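The structure appears below as structure tokens.
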Amino acid sequence: MNVAYDKIKDRLLEYKKKNIIVPTPKMIKTKEQIEGIRTAGVINTAILDMVGSKIKAGMSTDEINTLVHNFTIEHGAIPAPLNYEGFPKSVCVSVNDAVCHGIPSKREILKNGDIVNVDVTTIYNGYFADASRMYIIGEAKPNAIKLVNVTKECLELALKAIKPWETRLGDIGEIISAHAHKNGYTVVREIGGHGVGLAMHEDPYVAHIGKKGTGMLLVPGMVFTIEPMINEGGRSIFQDSRNGWTIYTMDGKLSAQWEHTIVITEDGCEILTH
Ligand code: MF3
Ligand code: CO
Ligand code: CO
């Protein structure tokens, strides 16, 4: 049934016998599926590029929503967040101490020095791609710029380390948390990366903390996101009780996040949202 899984089934069984957690058939995408997710990724990246060219001080986060929504539709795609479990907008925009799941609003105006995460998930021809970037509005303080850069490094270090049939999900968590902690930051634990491709959120869950040599083995054909949320202060967070979505840092300090959708390949990983 799943030709991609069938090809590696026996090899996976060898690892399973050694008590290593291995992916299920659903987690191994076929060539055709990866091609579909790659195309969704190209549109997703174009959206993030477009946001980068337009985002500026004085703009409301709802204007970003309008830009993302219209661009997505014009390209024959669907913004996955809209109506997802009741989410009311087409993109998540999370400013400063907002960790993630920020709901765009006409009342939230971007100002000089803000750090803004824009998280875009696009459906094209039934396939999903998910990525986010940080945008710095005008001139931010050095501490804010450092947080944004270190968070990006956390994601890049994890991506660089991936080797199929060797790297485990726990390795990704350890690499990210080690780099964050080395810089005096904390890692959000309650929310993580996820399988993606045929739906917005699939198994496995990808934690951004962990221990090397533990967790699921990474093998070719797996498609998932890595999306570290790194806090300048404590790791505690809370959910906005008024909108039921937006997550904030408990101490009001800054949080940053970068996200890519990747596919595990024969010799490492390929970023599908570059
Ligand atoms: N893009 C987010 C993620 O990285 C999920 C968006 S939740 C939604 O998993 F409700 F806004 F869609
Ligand atoms: Co996302
Ligand atoms: Co995601």
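Order of appearance sets the numbers: ligands from 1, and atoms from 1 within every ligand. Owing to the predicted nature of the structure, the values given are computational and were not obtained by experimental measurement. Note that the numbering runs from 1 along the sequence shown for the chain. Scope of the values below: all heavy atoms of this structure, side chains included, with no hydrogens, waters or symmetry mates.
The closest approach between a heavy atom of E85 and any atom of ligand 1 is not below 4.0 Å. Taking 4.0 Å as the cut-off, K89 does not count as a neighbour of ligand 1 on heavy-atom distance.
For the pair R11 and W165, the distance from NZ or CZ to the six-membered ring centre is under 6.0 Å and the angle to the ring normal is within 45 degrees.
Atoms of ligand 1 lying under 4.0 Å from any heavy atom of E259, numbered from 1 in the order shown and given with element: 4 (O). Atoms of ligand 1 lying under 4.0 Å from any heavy atom of F87, numbered from 1 in the order shown and given with element: 8 (C), 10 (F), 11 (F). Short contacts between ligand 1 and C92, defined as distances under 4.0 Å to a heavy atom of the residue, involve ligand atoms 6 (C), 11 (F). Within ligand 1, the atoms closer than 4.0 Å to a non-hydrogen atom of M200 are 12 (F), numbered from 1 in the order shown.
In terms of polar-atom proximity, defined here as any N/O pair under 3.5 Å, W245 makes no such contact with ligand 1. Between H101 and ligand 1, no pair of N/O atoms sits closer than 3.5 Å. Distances between N or O atoms of E227 and those of ligand 1 include at least one value under 3.5 Å.
Given atom 2 (C) of ligand 1, the protein heavy atom at minimum distance is D119 OD2, 3.3 Å. Protein heavy atom closest to atom 9 (O) of ligand 1, with residue, atom name and distance, is H201 NE2, 2.7 Å.
Of all the N, O or S atoms in E259, the one closest to the Co ion (ligand 3) is OE2. No other N/O/S atom of D130 lies as close to the Co ion (ligand 2) as OD1 does.
Proximity of T225 to ligand 1, defined as any heavy-atom pair under 4.0 Å, is not found for any part of the residue.
At a cut-off of 2.8 Å, H194 coordinates the Co ion (ligand 3) through an N, O or S atom. Here D119 fails the criterion, with no N, O or S atom under 2.8 Å of the Co ion (ligand 3). For the Co ion (ligand 2), the set of nearby N, O or S atoms under 2.8 Å includes none belonging to E227.
Side chains of E202 and H194: a donor-acceptor N/O pair is absent below 3.5 angstrom, by distance only. In this model, no donor atom of one side chain and acceptor atom of the other lie less than 3.5 Å apart for S132 and D119.
In this pair, W245 and Y84 present their aromatic rings tilted. The plane angle is within the 30 to 60° band.
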